[in-house]
2 protein chains.
Amino acid sequence: MANNQFKRGELYSVINAMAAAAIARRMQKNFRTAGLEITIEQWSILYHLWKEDGLNQQQLCDKTFRDKPSITRLIDNLVKLSLVERKVSQTDKRVNYIFLTETAKNLQDQTIEIANQTMDEALIGISKAEIETVKNVLQKVYDNLNNQ
Amino acid sequence: MANNQFKRGELYSVINAMAAAAIARRMQKNFRTAGLEITIEQWSILYHLWKEDGLNQQQLCDKTFRDKPSITRLIDNLVKLSLVERKVSQTDKRVNYIFLTETAKNLQDQTIEIANQTMDEALIGISKAEIETVKNVLQKVYDNLNNQ
DNA sequence: TTTGAATAGTTGCATAAACAACTATTATGG
DNA sequence: CCATAATAGTTGTTTATGCAACTATTCAAA
């Protein structure tokens, strides 16, 4: 069938456009509804800093699967919003450590609650086993494309 | 545990940044290697037109999970590349039908082969059952966030 | 010790997304 | 028939991504 050749390629648009973008839009909307003027991309940086403050930009690249320019600019924007500060390492002047401001620290509980509620909305009717399968498959996909 | 509150929210960044973006980057790279100067977003529009030529912009919005401005600009760029043409409906002047040019028609086989090869690379070691689970879960996520 | 490689980060440029506000056209209810 | 709502598409603005090319600093090997 001529139409058959489409089926594998279609999976990409399903994965990308559908679920991930839909979750992102909903999470952004829930942030705005709560009066929080940060983007989900900015939040994803803060998220890792709440777990471990003072990461450098390269570590944030690795943890968020972004490249260096993306992190540079996200940090630029977070600095403008007074949510983080850059501090150059004294032992290696190539390295910038990123630290949360008090303002950002105070956002942690509220925004993580919103993120969790969003995921609860998204995951209605989906079992823990299914979620585990999805995580494992996506991890394998990432490894297939990057570990070589 | 303080760290436990992160777990649900983390799923978003896993889904989004990891697998979808990794597949997108690889597919883009494979296009370039083959000498094809189109983006995966442009390809995703052509993909639906190869299945059914002459869709209007709203139909492309629905099929690709994008909003109207995104489609307008993607079509703008495809027109610049002489890959599609807009034709205003004669029965409803609000509607633009989008038609493939001969150039675009000739890209179909090659690009779909590349997309399929990319997905084969991405899906090494993943069973059909797992793929089905992922598709079903992402469809449910999309429905949870949009059908209400 | 010095030269070249590796690492960390930045800048330029093009593409794309989200949202709000807008125009143009068609459909509908009184 | 007309006012209003709904629909299709466009434009403006901000944010983010990817890639290539760049600077600055540190490491490592001859």
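Computed from a prediction, not measured in an experiment: that's the story for all the values here. Each chain gets a letter, A, B and so on, in the order its sequence line appears, and its residues count up from 1.
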Inset, instruction - May I ask you to say whether Lys140(A) pairs ionically with Glu130(B), meaning some side-chain N is under 4.0 Å from a carboxylate O? - result: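 Salt bridge flag = yes for Glu130(B) with Lys140(A).
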With distance as the sole criterion, is a donor-acceptor pair present between the side chains of [X] and [Y] under 3.5 Å?
X	Y	answer
Glu113(A)	Gln117(A)	yes
Asn30(B)	Glu121(B)	yes
Ser70(B)	Asp67(B)	yes

Inset, instruction - State which residues pass side chain to side chain donor-acceptor pair (under 3.5 Å) with Glu102(B); sequence neighbours excluded, sorted by chain then number. - result: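 Testing Glu102(B) for side chain to side chain donor-acceptor pair (under 3.5 Å), a comparison that skips the adjacent residues, returns Lys105(B).
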Legend entry - Per-nucleotide protein contact string for nucleotides 13-19 of chain D, where B marks a base within reach and S marks sugar-phosphate only (heavy atoms under 4.0 Å, - for neither): B-SSSBB
Legend entry - Under-4.0 Å side-chain N/O to phosphate OP1/OP2 contact, Asn56(B) with dT7(D):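 No, because none of the side-chain N or O atoms of Asn56(B) sits under 4.0 Å from OP1 or OP2 of dT7(D).
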Legend entry - Min side-chain heavy-atom separation Ile98(A)-Arg86(A) under 4.5 Å: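 Yes; the side chains approach each other to less than 4.5 Å.
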Inset, instruction - Return the 5'-most residue of the pair Gln90(B), Gln59(A) with respect to DNA chain C, ranking by each residue's nearest nucleotide. - result: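 Going by which nucleotide is closer to the 5' end, it is Gln59(A).
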Inset, instruction - Looking only at non-hydrogen atoms, find the nearest pair between Leu81(B) and Gln42(B) and report the distance. - result: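 That closest heavy-atom pairing would be CD1-OE1, 3.5 Å.
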Legend entry - Span of DNA chain C, from the first to the last nucleotide whose atoms fall under 4.0 Å of chain A heavy atoms: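 Going 5' to 3' along DNA chain C, contacts run dA6(C) to dA20(C).
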Inset, instruction - For the pair Trp50(B) (side chain) and Ala104(B) (backbone), establish whether a donor and an acceptor sit closer than 3.5 Å, ignoring hydrogens and angles. - result: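 Judged by distance alone, yes, a pair lies under 3.5 Å.
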Inset, instruction - Tell me what Lys93(A) touches on the nucleic acid: a base, only sugar-phosphate, or nothing, going by heavy atoms under 4.0 Å. - result: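 Sugar-phosphate only.
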